[in-house]
Amino acid sequence: MSTETSIAGKKPGPAGSRKTSIQDRFVYKDDELIDKAFDWKQFRRLFAYMKPYAKQMLPLVGLMTILGTVTKLTVPYLTSLAIDKAIAPENGQTSLTLLYTLTCAVLVLYVIQWAAGVFRIRFTNIIGQKVIYDLRSDLFRHIQKLSFNFFDKRPAGSVLVRVTNDVNSLQDLFTNGVVNLMIDCVQLFGIVIILLLINWKLGLAVMITVPVMFLISTKLRQKIRLAWQEVRMKNSRINSHLNESIQGIRVTQAYTQERENIEYFDIMNLDSKKSWDRASAMNQGFGPLIEVTGGIGTFILFMLGGYLIQSGELTIGLLVAFSNYVGNFWDPINRLGQMYNQLLVAMASSERIFEFMDEEPNISDKPDAVVLPPIRGDIAFRRVVFEYEPGRPALRGIDLTVRPGQSVALVGHTGSGKSTIINLLSRFYDPTGGTILIDGYDIRDVTVHSLRSQIGIVLQDTFIFSGSIRDNIRFGRLDATDEEVEAAAKAVDAHDFIMKLPDGYNTEVEERGSALSMGQRQLLSFARALLANPRILILDEATASIDTETELKIQEALKVLLKGRTSFIVAHRLSTIRSADHIVVLDHGQIKESGTHEELMKSGGIYNGLVEAQFRFL
Ligand SMILES: Nc1ncnc2c1ncn2[C@@H]1O[C@H](COP(=O)(O)OP(=O)(O)OP(=O)(O)O)[C@@H](O)[C@H]1O
């Protein structure tokens with residue numbers, strides 16, 4: 001198990017190299033910093049997720065945006081009117097009525113602006129959440145379909161990070177980003193037109209600072225983005241380490257490696273903190289820099305504005321309005337730079353998400369795959385060869401025929417290929433050579449669902465899901481009634497221990513059933529398999545020794561479970577092996593002996609040696 005080798009089996013190594021080696025342990029090739037040019041194809045693919053909602057929501061959001069922008073941009077103009085026409089008109093006659101009317105109008109505009117903002121945020125959040133929901137469920141659905149070889153290559157932590165962190169990092173883009181972009185563009189366009197209309201000379205002079213501002217905004221933001229990306233990467237390492245630590249907590253405690261593990265964590269935690277400090281320091285420098293550039297614009301505005309007032313080309317009211325518009329001008333410019341960087345970050349995340357989505361399951365239905373009809377359970381391996389990795393055969397030329405209802409015990413040294421045989425029969429992998437036939441059907445020619453739904457698998461490491469005992473048994477057949485669940489538990493003699501639990505069948509078990517004993521977990525998995533009632537049963541017998549009473553119970557339960565089914569058992573207990581119809585002895589991926597217990601004992605070969613070794617051990 002990877003957890004055991006990496007936590008308990010690590011080598012301390014020299015102090016200097018340790019820090020790097022620990023950090024490297026949680027680096028996955030695909031989680032590296034991604035800083036690529038903008039990819040339009042990916043952008044379109046990502047935004048296709050918005051399409052279903054765009055028609056329904058975007059007109060509303062657009063309307064609210066325009067309403068908000070128009071009201072916002074009208075206020076400075078009304079202010080200029082208040083100054084020029086009501087407070088200090090050219091004829092010197094102050095008009096309080098006009099002033100109050102304009103003030104009320106400004107108030108109404110603020111209320112409209114606020115309401116438009118509330119509705120806009122509400123709608124965009126709805127769109128954003130729907131998009132993220134779709135993306136997350138698409139990704140999860142796809143991962144569920146991926147074959148074993150995909151998970152062989154990736155640590156669980158790295159898969160987890162994609163579904164959580166990467167999807168979350170798109171959340172901002174879809175909830176605020178896209179709409180903010182719309183608002184900013186509309187606002188900028190409106191302001192530029194108004195500035196040029198009020199006074200084109202002053203307008204152009206103030207806008208000289210725009211390219212400078214934009215350059216600072218994008219360049220500096222790029223640095224800041226990379227710094228935040230590093231923070232995310234460091235956090236993703238922490239996540240992976242956490243995942244491994246929690247899953248391997250028993251091994252860690254058993255080998256008293258807690259202190260070492262805490263040290264690992266501290267190193268990564270500190271590293272993450274440092275990169276956060278760096279990124280946030282850069283962020284803090286950004287705001288004042290933008291303000292300074294804005295200040296230069298204001299300087300030009302008042303210098304030139306004052307001159308234009310003196311020359312009669314501008315009124316005081318219009319200068320105040322101008323200054324208001326210019327004040328509203330910097331925000332969208334600044335945000336557009338920010339938006340560009342946000343888009344690049346989102347592109348990096350979506351690249352990683354789509355990389356998973358583009359991963360084709362190795363095992364899938366052929367276009368002309370047929371549904372496997374209800375089977376009798378006749379199995380044949382014909383010259384089956386298999387390699388997990390090219391050039392390293394795990395099975396070499398396996399020929400094996402099993403009649404319906406027969407039980408086959410697979411025995412052999414560790415690594416001899418026993419689990420590989422059952423992996424191929426369940427079609428978790430396809431053979432590199434040869435064929436596997438069930439009732440004469442090549443298993444590659446039938447649909448995966450029709451095949452697997454007729455095969456029951458009981459693994460050594462019985463997986464107990466969080467939920468009740470009843471739910472766990474019902475996992476074998478989701479439409480089973482409570483009575484059927486209990487009948488299955490009774491048949492394998494699990495009923496008594498279940499009834500002794502605090503809430504009987506409704507007792508909630510923690511994930512992986514840590515509160516249940518090995519034997520109890522096995523009985524539950526037998527009940528689960530019995531409920532599914534498959535024609536072919538695959539059983540990877542638990543190696544852990546259990547007390548004689550439980551062992552007897554399990555043997556009895558096994559008899560019930562195997563009755564009338566074709567079964568393959570990776571057998572470790574002599575009692576199971578002896579009662580099998582057929583024993584197949586594997587060695588280095590080849591069948592070296594096969595026959596009944598008596599026949600094999602007589603021949604004095606590998607099997608004889610294995611049995612004698614077991615007795616010697618006892
Ligand atoms: N996912 C994998 N990727 C690469 N090689 C693998 C993989 N799984 C198994 N192997 C290799 O294939 C060979 C057969 O392994 P297999 O698991 O079938 O043996 P086994 O007889 O079931 O062993 P055990 O009794 O220890 O479970 C071994 O050499 C093993 O290292």
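We count residues from 1, following the sequence as given. Note that ligands are numbered from 1 as they come in the structure, with each ligand's atoms numbered from 1 the same way. On a predicted model such as this, the values are computed, not experimentally measured, just so you know.
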Flag side-chain contact, heavy atom, 4.5 Å: [X] against [Y]:
X	Y	answer
I438	L425	yes
L539	S567	no
V371	H449	no

Problem - Flag for D471-S468: side-chain donor and acceptor within less than 3.5 Å - result: yes
Handout entry: H582 and F568 aromatic centres sub-6.0 Å
Key = no
Completion exercise
Counting only non-hydrogen atoms and a 4.0 Å cut-off, the residues near ligand 1 are D152, Y388, E389, A394, H413, T414, G415, S416, G417, K418, S419, T420, Y429
Exercise for the section: Would you please test D439 and R535 for salt bridge (Lys or Arg N to Asp or Glu O under 4.0 Å) and show each step? Expected result: CA-CA 11 Å; D439 285 7; R535 287 299 308 142; over 6 Å; no
